[in-house]
Enquirer: 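Sharing a structure, written as structure tokens. Questions coming.
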Number of protein chains: 2
Amino acid sequence: MSPRVRIADVAAAAGVSTATVSRTLSSPGLVGEKTRERVMAAVSATGYRINAAARDLRRQQPRAILVLAPNLANTFFSRIIAAIQDVARQAGLAVQISDSRAGTDVLEAIVQSGRADGIVLLDGALPPDMVRNWTLPVIQLCEWNDGYALPGLRIDNAAAARVAVDHLAALGHERILHVSGPAENVLSQARQAGFREAMTARGLPADIHDGGFTIEAGAAAAHVWAAMADRPTAVFTASDECAFGFISECYRLGFEVPRDVSVIGFDDVDFAGHFIPPLTTIHQPRARLGRQAAERLVSALLEDAPLGEGYDQIPPHLVIRSSTTAYRAKTQGGSAA
Amino acid sequence: MSPRVRIADVAAAAGVSTATVSRTLSSPGLVGEKTRERVMAAVSATGYRINAAARDLRRQQPRAILVLAPNLANTFFSRIIAAIQDVARQAGLAVQISDSRAGTDVLEAIVQSGRADGIVLLDGALPPDMVRNWTLPVIQLCEWNDGYALPGLRIDNAAAARVAVDHLAALGHERILHVSGPAENVLSQARQAGFREAMTARGLPADIHDGGFTIEAGAAAAHVWAAMADRPTAVFTASDECAFGFISECYRLGFEVPRDVSVIGFDDVDFAGHFIPPLTTIHQPRARLGRQAAERLVSALLEDAPLGEGYDQIPPHLVIRSSTTAYRAKTQGGSAA
DNA sequence: CTGAAAGCGCTTACAG
DNA sequence: CTGAAAGCGCTTACAG
């Protein structure tokens, strides 16, 4: 189309200076009503849109936030990012997303490009030395790393593991297996520690199988479980996906859930309630996590105040569905092994 | 920490002009070797990073692409966006994402902000008048709208429906129900048209139930199916989620898949192969779709060439798993209704 | 309430 | 091969 309309074009059309156009757009209160009307008319007539690069350069702030997540293809993040996007939009900030595993050089270039005012970091496994050197405000979300020394937000993962154990124990289960996430992941570690602690507090043995967050890890764990001499009557998995894989594979092996084994997942993804059986799981309020983290970051940016130091922890919430049931003394259930 | 390092600081440190620093960074070939080395040393020493706003303003191009998707929380998009992100990063472009349903004002502001060089549009339901006025290169992906008059990329949805029907017909099914997506959605329409055409070509009646893409829509469709006088022996659903809901609800109603009804999904989401039964479905190569669209857009941007006009259609690919089976003459299967 | 002017940090013809 | 200088399109003290 026509070459871009600049502020000078609008000023000419309205018969005012560019300063007045700029003020009309950013602080209408400073401009006389008649002038304002003339300017707005000129803006519509010309189809003027502010040039973000020029504004950013002049204001020395890009009005954008950067979301850094490991593996953007992971569906866990989509709802979180949608919530961040929503908060940012309402505050007039753009959202840029990048894969945090892109490589440190790439990441440094992105972070230091001056294109973002602040960062939401969903990855706890970046080099602490790099992250500590970032000069923008950063808020950690879900995952974390003490080496970053940053404020953040997450659910209380250890407490969540305790709630899971409480639920199973109340149902009479005493042999409980925890299929953990990847060993190097902070979430895995916190949940595993919470599990161990809750079991120990009850005087129960804490069986742990190093698993993973994936369907495949869950399916593999089913074989491990099935081969155990004195099979645990309940399993607490690292994630819903892991639980799905575990349950599906149990079914193939001739076992049924919860008849032969009760299963608790983690995350409460959209599908958890529709699975067969509907999955008992720890709910992660993804929209809330995204929104709350974004709000904290955005308000710090707008007020030009520091982010603060605290780590907000959301208390865990167990959603009880049908994959867990009361322990029944050995029924010789399961048609195979 | 220290106030941002500017190009002038690097120039001073290296004892050269800012022009030379700029050249060293963007066109090293133009600079003498010794000079280049000195500049690079100064860059490292000062920790200089280019200011994107200044560069963009000067170059008159932001080197970023904007991804517009309806409902970012939809997990269908995550893998696509990851692929786009990947291509863009390799080309040195940033990726900005926005919810395309944010409202036309917001959307116009984002699109016209000058922050993006080009757009990947995943939404076929925006006002054509608005989209046609956009002056940036836009490529449509997955969804489309003839009113936009834009180039794009998608799988051949009508052909996919035909492939589904072919598969079921080859298995001996003659009464096939199509649970369609939302009536106003182009994907629904194309698949529905393909279904109708394929059935008609075989002289079979084309039963269509207006459903939706969601689990809930699938569950509701199960009730409709169960209540049909002469129940179809096969169902082709709008999406995998819809198929999951349909199958789960069938199970609750006392039917089994594929014993009582064969089911074909659409999309081949990650979970499809792990569902019980593993779902026969049309594969959507999401990573490939994202990559291919991004590559086309990026190469047009880098070469400053037009995007071209074509609409690439990827041929459909049916993944046969266990939710479909050969038709067996009425077994009085299903324990209830 | 409004305007003239400086300057944000770059890049790139132009000149040498 | 290198530098001096203009200018990208804004915003905002400063002055009136």
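Quick caveat: nothing in here was measured; it's all calculated off a predicted structure. A, B, ... follow the sequence lines: proteins, then strands. Residue 1 opens every chain.
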Enquirer: Does A/D117 come within less than 4.0 Å of A/R59, counting only side-chain N to carboxylate O?
Expert: no
Enquirer: Indicate yes or no: at least one non-hydrogen side-chain atom of A/R101 is less than 4.5 angstrom from one of A/N71.
Expert: no
Enquirer: Using Watson-Crick and G-U wobble pairs whose two distances are both under 3.5 Å, how do you write the pairing of DNA chain D as dot-bracket, with | for links to another strand?
Expert: |||.||||||||.|||
Enquirer: Could you give the start and end, 5' to 3', of the contact zone on DNA chain C for chain B, using atoms under 4.0 Å from its heavy atoms?
Expert: C/dG9 to C/dA13
Enquirer: Which of residues 23-40 of chain A sit near DNA chain D, with a heavy atom under 4.0 Å from it?
Expert: A/R23
Enquirer: Which residues pass the side-chain contact (heavy atoms from CB on, under 4.5 Å) test with B/T18, not counting sequence neighbours?
Expert: B/I7, B/A8, B/A11
Enquirer: Determine whether the side chains of B/N185 and B/E143 contain a donor N or O and an acceptor N or O closer than 3.5 Å.
Expert: yes
Enquirer: If the P atom of D/dA5 is compared with that of D/dC1, how far apart are they to the nearest Å?
Expert: 23 Å
Enquirer: Between B/Y148 and B/L121, is there a side-chain heavy-atom distance shorter than 4.5 Å?
Expert: yes
Enquirer: With nearest nucleotides of DNA chain D determined for A/A19 and B/R59 from heavy-atom distances, which residue corresponds to the more 5′ nucleotide?
Expert: B/R59
Enquirer: Flag the pair B/L150 / B/W134 as yes when at least one side-chain heavy-atom distance between them is below 4.5 Å, and no otherwise.
Expert: no
Enquirer: With B/D146, which residues qualify under side chain to side chain donor-acceptor pair (under 3.5 Å), at least two apart?
Expert: none
Enquirer: So which of A/R296, A/R288, A/E295 actually passes side chain to side chain donor-acceptor pair (under 3.5 Å) with A/Q292?
Expert: A/R288
Enquirer: For B/S98, which residues count as a side-chain contact (heavy atoms from CB on, under 4.5 Å) partner, sequence neighbours excluded?
Expert: A/Q85, B/L66, B/L68, B/Q96, B/I110
Enquirer: Please confirm whether the backbone N or O of A/A91 pairs with a side-chain atom of A/R63, one donor and one acceptor, at under 3.5 Å?
Expert: yes
Enquirer: Between A/L57 and B/T20, which has a closest nucleotide on DNA chain D that is more 5'?
Expert: B/T20
